[in-house]
Number of protein chains: 2
Amino acid sequence: MNAKISTPLSFVPVEQKIDRVCVRATAPDAQQTRQNVILSHLIRHIQMAQATQSNAFLREYELNAVSFTALMMLFSSPECALNPSELADATGESRANVTRICDELVAKKLLTRSPNSEDRRRVDLRLAPEGEELVQRFLPQMRDRVHNVFNVLSQDERNTLENLLKRVLTELG
Amino acid sequence: MNAKISTPLSFVPVEQKIDRVCVRATAPDAQQTRQNVILSHLIRHIQMAQATQSNAFLREYELNAVSFTALMMLFSSPECALNPSELADATGESRANVTRICDELVAKKLLTRSPNSEDRRRVDLRLAPEGEELVQRFLPQMRDRVHNVFNVLSQDERNTLENLLKRVLTELG
DNA sequence: GCGATTTAGTTCGAAATGATATTATCAAAA
DNA sequence: TTTTGATAATATCATTTCGAACTAAATCGC
């Protein structure tokens, strides 16, 4: 019953291919290109592996990683309320997708939608009590999942990683 | 100041929300939880921003990031050939998706499919000359895109980042 | 004020992706 | 040999996602 998908996440074959790309491409600064591409793919593989694992865990509870993230971001907002566009920024999802996700969450009574009194274009999304309970219930388990992954690094290393990733993200803005 | 007009990618609001999650969750090791969650979301946001940018660039040429990565991985393989499952590992995509992607690439004459002579279950995917040209043509531009992002880091910092990310990915395997 | 522009949110259609079942082949054990 | 199980690839179906078009409401410029 160990349906653990045999996921050979070994990055070695990927890295070898990137090496060969750089050899074949004969770029002027092949070494740096090689490293940049590797960094890019590392991030991609990590993200996909994380999403896959989170989704597999949450599926039993008829949730997915994006919905849970949305609930968590609401959970952590003042009065548990956000606008759809704020939620889109917080989760990284498109606004269209946020609309759909909120449809689902409202249908599940985890979330309420109400018109904003000051700006009638806006909508207030507010976490319902059931949504709050749900977040409280799953947070520890989700925390453990993330925990185990980054615990291979020391505190210093985590600080370094955080700093480096933030600078990279800033560059993408 | 903080309200940067054209920067929806600002991570600051996300980080503030993560902070509040940790405060509310009252975990025993809130500080470390906070950092782990931030790291997780940083990686997610970087990956999504990268994918969005690459897709936007490649769309003009009726390609997407995944297809291009597939072509690149073939480009760098011995004899420009791989099996679908190898290609799935190299790209991080599911096998089902690799089948579909290859359907497209074969239709575009960028790729050929032929049965493997030794094991008739297998299929040999081979980059067609047109596919090879295409990779050669776009590689410099794709390289520049990745380049600019990671160039904010020094050589030492890139080495560190590579090392840290590899250890994280290993933990996910 | 008032038209033009911008912004917030949604809708809709198309594209991308994954999970599962299916088919064909190989490998290994009985 | 026959059977059993594993593996490779695909087909099928449902879900997820984004982009573009759209509506409504606010704001800006005059």
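Proteins come first, then strands; the chains are lettered A, B, ... in the order of their sequence lines, and each starts at number 1. In what follows, every heavy atom counts, from backbone to side chain, and hydrogens, waters and symmetry copies are set aside.
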Student: Given atom CG of B:L87 and atom C1' of D:dA8, what is their separation to the nearest angstrom?
Tutor: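 Result: 14 Å.
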
Student: Please identify each residue that fulfils salt bridge (Lys or Arg N to Asp or Glu O under 4.0 Å) with B:E79, with sequence neighbours left out.
Tutor: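 Salt bridge (Lys or Arg N to Asp or Glu O under 4.0 Å) check on B:E79 returns B:R126.
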
Student: Are OP1 or OP2 of C:dA16 and a side-chain N or O of B:N64 less than 4.0 angstrom apart?
Tutor: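 Yes, because at least one side-chain N or O of B:N64 sits under 4.0 Å from OP1 or OP2 of C:dA16.
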
Student: What is the distance from CG of A:N83 to P of D:dA26, rounded to the nearest Å?
Tutor: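 Taking CG of A:N83 and P of D:dA26, I get 13 Å after rounding.
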
Student: Regarding B:Q47 and B:R44, do their side chains bring together a donor and an acceptor under 3.5 Å, going by distance alone?
Tutor: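 Their side chains do not contain a donor-acceptor pair, so the 3.5 Å distance test is not met.
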
Student: Can A:S67 and A:N64 be counted as having a side-chain donor-acceptor contact under 3.5 angstrom?
Tutor: yes

Student: Check whether any side-chain nitrogen or oxygen of A:S85 sits under 4.0 Å from OP1 or OP2 of C:dT7, and answer yes or no.
Tutor: no

Student: Would one find a side-chain N or O of B:R122 under 4.0 angstrom from OP1 or OP2 of D:dT7?
Tutor: no

Student: Nearest whole Å is fine: how far is D:dA9 P from B:L125 CG?
Tutor: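 Value for this atom pair: 8 Å.
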
Student: Using the ring pair (Phe, Tyr, Trp, His ring centres under 6.0 Å) rule, collect all pairs that involve residues 107-142 of chain B, keeping only residues at least two apart or in two chains.
Tutor: B:Y61-B:F138

Student: Can you name the salt bridge (Lys or Arg N to Asp or Glu O under 4.0 Å) partners of A:E133, sequence neighbours left out?
Tutor: none

Student: Rounded to the nearest angstrom, tell me the gap between atom CD in B:E118 and atom P in C:dA27.
Tutor: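 To the nearest whole Å, that distance equals 10 Å.
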
Student: 5'-most contact on DNA chain C: B:V66 or A:D124, nearest heavy atom basis?
Tutor: A:D124

Student: Any salt bridge (charged side-chain N to carboxylate O under 4.0 Å, His left out) involving residues 62-71 of chain B? Give me the pairs, sequence neighbours left out, ordered by first then second residue.
Tutor: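 Of all non-adjacent pairs touching residues 62-71 of chain B, none passes salt bridge (charged side-chain N to carboxylate O under 4.0 Å, His left out).
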
Student: For every nucleotide of nucleotides 18-25 of chain D, 5' to 3': is a protein heavy atom under 4.0 Å from its base (B), only from its sugar-phosphate (S), or from neither (-)?
Tutor: BB-----B

Student: Considering all heavy atoms of both residues, which atom of A:T91 and which atom of A:M73 are nearest to each other, and what is their separation?
Tutor: CG2-CG, 4.4 Å

Student: What's the CD-P distance between B:E86 and D:dT7, to the nearest Å?
Tutor: 15 Å

Student: Using whole Å, report how far CG of A:N55 lies from C1' of C:dT20.
Tutor: 16 Å

Student: Is the closest side-chain donor-acceptor distance between A:Q35 and B:N159 under 3.5 Å?
Tutor: yes

Student: In residues 98-116 of chain A, which ones come under 4.0 Å of DNA chain C, going by heavy atoms?
Tutor: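 Of all residues in residues 98-116 of chain A, the ones placing a heavy atom under 4.0 Å from DNA chain C are A:T99, A:R113.
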
Student: Could A:E104 and A:K108 be called an ion pair, given the rule that one side-chain N must be under 4.0 Å from one carboxylate O?
Tutor: no

